[in-house]
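Working notes, beginning with the structure itself.
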Amino acid sequence: MADAVRDAGELCRLLELPAALAAEAERATGGFPLLVPRPYLSRMQPGNAEDPLLLQVLPGPGERLRGEAFCDDPVGEADSTQEGGVLWKYRSRLLMVTTGLCAVHCRFCFRRHFPYGDAEATPARWQPALDRLAAEPSVHEVILSGGDPLSLSEAGLLPLLESLDAIPHLRRLRIHTRLPVMIPQRVTEELLDLLRQRRLTTVVVLHLNHPAEIDAAVAAAITRLVEAGLPVLQQGVLLRRVNDSVEVLAQLYERLVDLRVLPYYLHQLDRVSGAAEFEVPEAVGLRLIEELRRRLPGYAVPRYVRETAGAPSKTLLA
Ligand SMILES: *Cc1c(COP(=O)(O)O)cnc(C)c1O
Ligand code: SF4
């Protein structure tokens with residue numbers, strides 16, 4: 001992570017792209033700086049300003065579009081965030097913002113304006129969340145999110161996971177992460193041991209949006225997770241110019257299923273300010289899903305969902 005590219009000029013030089021793109025990116029970043037890990041960069045095609053991986057990370061003029069329906073907190077998290085980074089919106093499962101750190105800054109991220117400074121990853125900081133969990137016997141599952149929980153070291157994760165294991169009514173631990181995709185070397189034997197040794201049934205949900213995100217190293221990292229006995233699911237976001245085509249999505253889902261990963265959710269973009277250029281109309285998403293159902297086995301087609309502030313679950317679109 002320390003080695004990641006943080007400078008638009010360097011990114012454009014490495015990818016043989018015009019300097020004008022870098023200048024535009026610098027004007028567009030706002031408070032959410034460019035961040036691209038090198039293993040991810042290595043999968044981008046030099047000279048291609050429309051590369052679907054590049055589009056996810058390079059700030060563009062579109063970020064300054066101010067769509068009317070777009071705001072800083074599109075899914076109403078500020079109102080539901082409690083002490084210790086707890087987000088409890090759905091019955092029986094509670095989400096913990098474990099850390100503000102990610103291995104990448106995705107330009108469409110719905111938490112791009114989240115007050116991560118308040119979400120420092122320290123045991124003391126988590127204590128209110130652990131107390132809350134211990135006091136809520138109706139919660140059976142804890143979801144570690146962020147930021148990216150796997151941006152914590154094994155030594156940082158261990159005390160948290162041990163405390164969660166010790167809460168008797170908890171049954172499952174879910175880890176939402178993009179790190180194995182960004183830096184596949186993150187899936188170390190030590191991490192696998194840590195996950196294998198849990199009392200809680202541990203489920204991993206990988207965030208992936210495009211088949212070109214899966215090179216041999218990512219495929220190997222995914223296989224290590226699967227062979228450690230962990231259920232591995234995938235979620236992604238429907239993104240204009242990145243994956244709003246039936247060919248791209250079909251390729252992604254087939255590749256995942258071949259790797260023994262089941263597609264879980266395809267998210268309609270949350271209307272976060274800065275991300276308007278990524279929006280695909282719902283009607284287009286519905287047609288894509290319909291066509292995917294014709295082409296792929298049922299288990300290879302994810303649920304197409306939208307997050308609605310105040311709703312008791314994700315809203316199923318198809
Ligand atoms: C998406 C989400 C969950 C998990 O929902 P599932 O439908 O169980 O995957 C839980 N809490 C919050 C705050 C969420 O945004
Ligand atoms: S990895 Fe996830 S949380 Fe981090 S910037 Fe990307 S979308 Fe946002």
Side-chain angles (χ1 to χ4, degrees), residues 1-2 77 80-104 111 114-207 221-235 261 264:
M1 282 172 67
E77 289 202 333
S80 16
T81 305
Q82 301 158 20
E83 215 190 336
V86 167
L87 267 169
W88 193 20
K89 298 210 298 199
Y90 303 155
R91 204 186 297 167
S92 90
R93 58 255 196 244
L94 183 151
L95 185 149
M96 262 181 88
V97 175
T98 336
T99 165
L101 283 182
C102 279
V104 60
R111 293 212 180 109
F114 194 83
Y116 276 130
D118 305 344
E120 242 182 298
T122 61
R125 159 90 203 152
W126 292 325
Q127 198 52 52
L130 295 169
D131 293 344
R132 184 70 203 273
L133 275 167
E136 295 288 352
S138 66
V139 174
H140 293 168
E141 179 165 336
V142 62
I143 299 170
L144 302 186
S145 180
D148 197 311
L150 295 189
S151 62
L152 300 174
S153 67
E154 281 78 349
L157 281 166
L158 183 66
L160 175 62
L161 299 186
E162 285 183 333
S163 306
L164 293 170
D165 271 347
I167 299 175
H169 52 266
L170 270 186
R171 296 157 68 148
R172 288 176 305 277
L173 165 71
R174 199 195 312 176
I175 298 180
H176 278 251
T177 178
R178 194 149 161 68
L179 242 151
V181 180
M182 291 299 136
I183 308 178
Q185 297 87 328
R186 175 69 191 91
V187 184
T188 58
E189 272 312 307
E190 204 186 345
L191 177 68
L192 294 170
D193 279 343
L194 193 72
L195 299 179
R196 270 194 289 252
Q197 286 158 7
R198 306 297 18 113
R199 174 186 70 81
L200 300 172
T201 300
T202 301
V203 178
V204 175
V205 183
L206 296 174
H207 178 175
I222 291 176
T223 299
R224 291 199 292 281
L225 289 165
V226 170
E227 293 189 343
L230 305 165
V232 181
L233 308 173
Q234 171 269 357
Q235 66 170 359
V261 176
Y264 179 40

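We number each residue from 1, following the sequence as shown. It should be emphasised that the depicted structure is a prediction, and the values quoted were computed from it without experimental measurement.
Of all heavy-atom pairs spanning M1 and S151, the tightest one is CE-CB, 3.8 Å. Here the closest non-hydrogen pair linking P180 and L206 is CG-CD2, 3.7 Å.
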Q.
Apply side chain to side chain donor-acceptor pair (under 3.5 Å) to residues Q235 and H176 and explain how you reach the verdict.
A. CA-CA 9 Å; Q235 66 170 359; H176 278 251; 3.0 Å; yes
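To the nearest 0.5 Å, atom CG of residue L130 and atom CE of residue M96 are 5.5 Å apart. For the atom pair CZ (R91) and CZ (R93), the distance works out to 9.5 Å, reported to the nearest 0.5 Å.
Looking at R196 and E189, a side-chain N of the basic residue comes within less than 4.0 Å of a carboxylate O on the acidic one, giving a salt bridge. Using a 4.0 Å cut-off between charged nitrogen and carboxylate oxygen, R172 and E141 count as a salt-bridge pair. Checked for salt-bridge contact, D148 and R178 miss the test: no charged N lies under 4.0 Å from a carboxylate O.
Among L150, L152, V104, V187, the one residue that satisfies the side-chain contact (heavy atoms from CB on, under 4.5 Å) test with L179 is L150. The only option from T202, T98, T177 that meets the side-chain contact (heavy atoms from CB on, under 4.5 Å) definition with L144 turns out to be T98.
For the pair W88 (side chain) and Y90 (backbone), a donor-acceptor distance under 3.5 Å is present. Side chain of D165 to backbone of R199: a donor-acceptor contact under 3.5 angstrom is found.
Looking at residues two or more places apart in sequence or on another chain, you find a side chain to side chain donor-acceptor pair (under 3.5 Å) between Q127 and D131. Take E154 and apply the side chain to side chain contact (heavy atoms under 4.5 Å, CB included) test, not counting sequence neighbours, and it matches R186, T188, E190, L191, L194. Here E83 pairs with nothing under the side chain to side chain donor-acceptor pair (under 3.5 Å) rule; sequence neighbours left out.
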